[in-house]
Protein chains: 2
Amino acid sequence: MPPTPGPPEGKRPTLADVAARAGVSVALVSIVMRGAKGAGAGTRERVLEAAREIGYRPDARARLLRSNRSRLLGVQFGLQHPFHADLVEGVYAAAEPAGYQIALSAVAPSRGERHAVESLLGDRCEALILLGPQAPAPRLAELAAQLPVVSVARRLRPAVPGVDVVRTADDEGARQAVDHLVSLGHRDIVHIDGGRAPGAADRRRGYRTAMNHHGLGDRTRVLPGGLTEEDGAAAVRSLLGDGPRPTAVVAFNDRCATGVLDVLLRARVAVPGEMSVVGFDDSHLARLAHISLTTVGQDVRRLAELAVGRAVERVEGDGAAASGKETVIAPRLVVRGTTGGIQP
Amino acid sequence: MPPTPGPPEGKRPTLADVAARAGVSVALVSIVMRGAKGAGAGTRERVLEAAREIGYRPDARARLLRSNRSRLLGVQFGLQHPFHADLVEGVYAAAEPAGYQIALSAVAPSRGERHAVESLLGDRCEALILLGPQAPAPRLAELAAQLPVVSVARRLRPAVPGVDVVRTADDEGARQAVDHLVSLGHRDIVHIDGGRAPGAADRRRGYRTAMNHHGLGDRTRVLPGGLTEEDGAAAVRSLLGDGPRPTAVVAFNDRCATGVLDVLLRARVAVPGEMSVVGFDDSHLARLAHISLTTVGQDVRRLAELAVGRAVERVEGDGAAASGKETVIAPRLVVRGTTGGIQP
DNA sequence: ACCCGGGACTAGAACGTTCTAGCGCCCGTG
DNA sequence: CACGGGCGCTAGAACGTTCTAGTCCCGGGT
């Protein structure tokens, strides 16, 4: 008969096992485990020791089940988007200090947003953080009726009640790109857009108004693009074929811009000698020394922080701020090697 | 007094609410909700109707808590790896039909593997699927003592008891690349390796033995590389500087190969005219028309299926197969535009 | 001497589900 | 007519945790 009971065979140890081993009640072990006050120093030590010995690990699910607070934020993200990957990392980092956990749910070609969100709801998340959601506004409204929802990088026009928005000022970003190019002497600047992607409409608009503002309205030219390298490549290929070439391209994002660069290189079009290229996002891609892409940076870290902040605020507030708030953060042009003065 | 009780205010509806509304017992509603048999057709209909009306949604956590089976597979993946993204998608697809759910946990610069795994364990996963884990073997063994563990794409030498491995035959893949190049007339073939990345050692070895096999042992040349575009770019840059150039490069993976291509393009080295390039993974990147990279394809779909299969097998078996099994699947060379006959 | 406050600890009820019994009922069989 | 057996359904106990409402004891103020 050992003085201290051993761990149960083949099952994960529970609070009760720790309690038995330490010779105290289950409730006290619970107190110790979550660091609440109400336990003496000596006992606390003894309990922790016992827990360590039998390899106790709290059951997140049981814990959540009991406390009506789950302290869980559901994050939906696109598996194939490097930009989302950066955001997710930021969200992890921001959630931890706020005392929240993250449940990830991926969207992929074979797994739609509906599916992704359903799974998060089933996990009893307290709020939803949707990265670049494509779902129609009514669907978002429906979700917002159930729990706080934050849309990141997707603007909602008109605002959907109950859905907070955190995004970069996409139009402003496009404007900065155009301004930069104009200041370098460019006048024939085309935009390869992102189609229906979140943010695409704003960037398009920003490009147009900036062109007008510089009196280049008649030189405005938007090519249908998309968010992959392939889209950028296709668009710029069409550009090289016909008549007079522009001297600069503002691409929807960095991936798109990379496709543009690649085609230009193959066609022996010097960058930035003959053509300047600007991307968007300032992703890892853009920073690579051999690409060295001039791009419009989004402050991913801050975007993530704000998204978590909004969500937590909503969860902890008494639902007072019912109408959707929009937070817009400023983009910042990062000049690298793919833009330069126009050749005489 | 309404004939049917309404949903409770401000709380998510539970089984009890549905039961009250449909006028049946909680247990019966449970039966209906999980599609078990034991309910009459009429009642079933009535219960479903009631559930729909008040917007009932099962609580995954309570469900898991009660049934000792959680039917949950924990997946650890690298946020920044496109290859992992593909794998995750495959895992989702494979888990669904097997009746399992997926809990994702990301590894990022700011969030180590330890952290990622801890969180999965807290979720009471039944098995762990680790994509390209970097953790030391003893750590894996420790985990395997607690639950089934499958390592994907990382070979374990020597085998770790209790850890199943699912991977592509990396050495064979490298061999195929070399064979292909040799058959095109190449003799000076260098390898840009992946350093300590999972699979790198095998690819390196495969390259070496293939070179030897063709009697090119004295021309063997391995350059330190890595798994990003930047690594490939740096390696090939060093290559262009000094003495005699090789005529072909086998890169560690597609990202690395892309970096190589980019530098070559800029240096006006014709591909495949002056130099051929082979990648590894057959990722989206390689398939892009403007890159059109010859590469060694990994069957991601199958890799994912097998990983899930192994995990499920272990979970459902009575732990009979205690020793770690290794499943190796064959790679397959995909010839595209970056390889060609040697210039006379 | 008495009460009162508070710290350390405990018993037992939740949380929302599934599981194990077991209850009536109707039907077919002997 | 009794008996067994399936079907439709229900009551109540789990699961592992947290929360509520104590109990007990000790020290200090009246």
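By convention in this document, chain letters (A, B, ...) are assigned in the order of the sequence lines, proteins followed by strands, and residues within each chain are numbered from 1.
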Need one value for A:G40: base, sugar-phosphate or nothing, where a base atom within 4.0 Å counts as base even if backbone is also close, heavy atoms only.
sugar-phosphate
Rounded to the nearest 0.5 Å, how far apart are NE2 of A:H115 and OH of B:Y92?
8.0 Å
Do B:S110 and A:E89 meet the criterion of a side-chain donor-acceptor pair at a distance under 3.5 Å?
yes
Should the pair B:E49-B:R52 be classified as a salt bridge under the 4.0 Å nitrogen-to-oxygen rule?
yes
Once rounded to the nearest 0.5 Å, what's the spacing between atom CD1 of B:I31 and atom CG of B:L15?
11.0 Å
Report the end-to-end axis angle of the helix from C:dA1-D:dT30 to C:dG30-D:dC1; each axis comes from five terminal pairs, and the value is rounded to 10°.
60°
Within this structure, what is the CZ-to-P distance between A:R44 and C:dA8, rounded to whole angstrom?
9 Å
May I ask you to evaluate whether B:T43 reaches the phosphate of D:dC9, defined as a side-chain N or O under 4.0 Å from OP1 or OP2?
yes
What string of B, S and - do you get for nucleotides 14-27 of chain D 5' to 3' if you count protein non-hydrogen atoms under 4.0 Å?
BBBBBB--------
I'd like to know if A:E126 and A:R314 make a salt bridge, using a cut-off of under 4.0 Å between side-chain N and carboxylate O.
no
So, B:E96 and A:R111, do they make that salt bridge, N to O below 4.0 Å?
no
For a quick check under 3.5 Å, do B:R63 and B:S67 share a side-chain donor-acceptor pair by atom type?
no
Less than 4.0 angstrom from a charged side-chain N to a carboxylate O is my criterion; do A:E113 and A:R139 meet it?
no
